[in-house]
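What you are looking at is a predicted structure, and each value in this text was computed from that prediction instead of being measured. Every chain is numbered from 1 and lettered A, B, ... according to where its sequence line falls, protein lines coming before strand lines.
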Amino acid sequence: MKYWLVKTEPDECSIDDIAKAGDKGMVWDGVRNYQARNFLRDMNVGDHVFIYHSSCAKVGIVGLAEVTEEAFVDPLQFDPDSPYFDAKSNPDSPRWSAVRLRFKQKFQHLLALQQLKQMPALAANPLVQKGSRLSVVPFQVKEYQAVLQQLT
DNA sequence: GCCAACGTTGGC
DNA sequence: GCCAACGTTGGC
């Protein structure tokens, strides 16, 4: 099993929205960065995924989800009405992928970016590095465990 | 709203 | 292949 973190703007899709989606989970689409896409494609069913709220008042890790469907073609890239439409994506070899995520839990407290930056276990993680804009971030087992420990 | 840092595009 | 210009991300 692998561990990840995905960023989301709570105005668009918050941890509560993921919770509301229930057991069917929700399609995690709209990723338009190659490095992030490649990480999406590395996800396997059962992997754990931290949910991180970005571009908002309370930035940080808010909950946990799991992968319920491995990478498939992101439909929005072929939808001209979508902000995620990509005219240059070839249907014979689609550029962008999506996964399906299902809610596991919402943490009682936010683990703020400020706190994450102070954790030695996360020092090497792209999430806390200056200028990093990666929206899908891999977590090492020890990084994952350190986050969970910080939450208890 | 500001702006630093980054990724992508496209001319050459 | 270089690199300037541009658009986007995301913390503050």
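A salt bridge between A:Lys106 and A:Asp16 is present, with a side-chain N of the basic residue lying under 4.0 Å from a carboxylate O of the acidic one. Electrostatic pairing of A:Arg95 and A:Asp86 counts as a salt bridge here, judged by a charged N lying under 4.0 Å from a carboxylate O. For A:Asp74 and A:Arg37, the salt-bridge test fails: no basic side-chain N is under 4.0 Å from an acidic carboxylate O.
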(Q) Walk me through whether A:Lys142 and A:Val147 qualify under side chain to side chain contact (heavy atoms under 4.5 Å, CB included). (A) CA-CA 9 Å; A:Lys142 288 191 173 176; A:Val147 168; over 6 Å; no
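Heavy-atom distances under 4.0 Å link DNA chain B to A:Lys130, A:Gly131 of residues 106-131 of chain A, given in residue order.
Toward the 5' end of DNA chain B, the nearer of the two residues A:Gln35 and A:Lys88, judged by each one's closest nucleotide, is A:Gln35.
Base engagement by A:Ser55 is indicated by at least one non-hydrogen atom pair under 4.0 Å involving a base atom.
For an aromatic pair to be called close, the ring centres must be under 6.0 Å apart, and A:Phe85 with A:Phe78 fails this.
The main-chain N or O of A:Leu110 is never found under 3.5 Å from a side-chain atom of A:Lys58 such that the two would form a donor-acceptor pair.
Put simply, chain A comes within 4.0 Å of DNA chain C, heavy atom to any atom, from C:dG7 to C:dC12, going 5' to 3'.
The ring pair (Phe, Tyr, Trp, His ring centres under 6.0 Å) check on A:Tyr84 picks up nothing, with sequence neighbours excluded.
Ring geometry for A:Trp4 against A:Phe39 counts as tilted: the plane angle lies between 30° and 60°, on a 0 to 90° scale.
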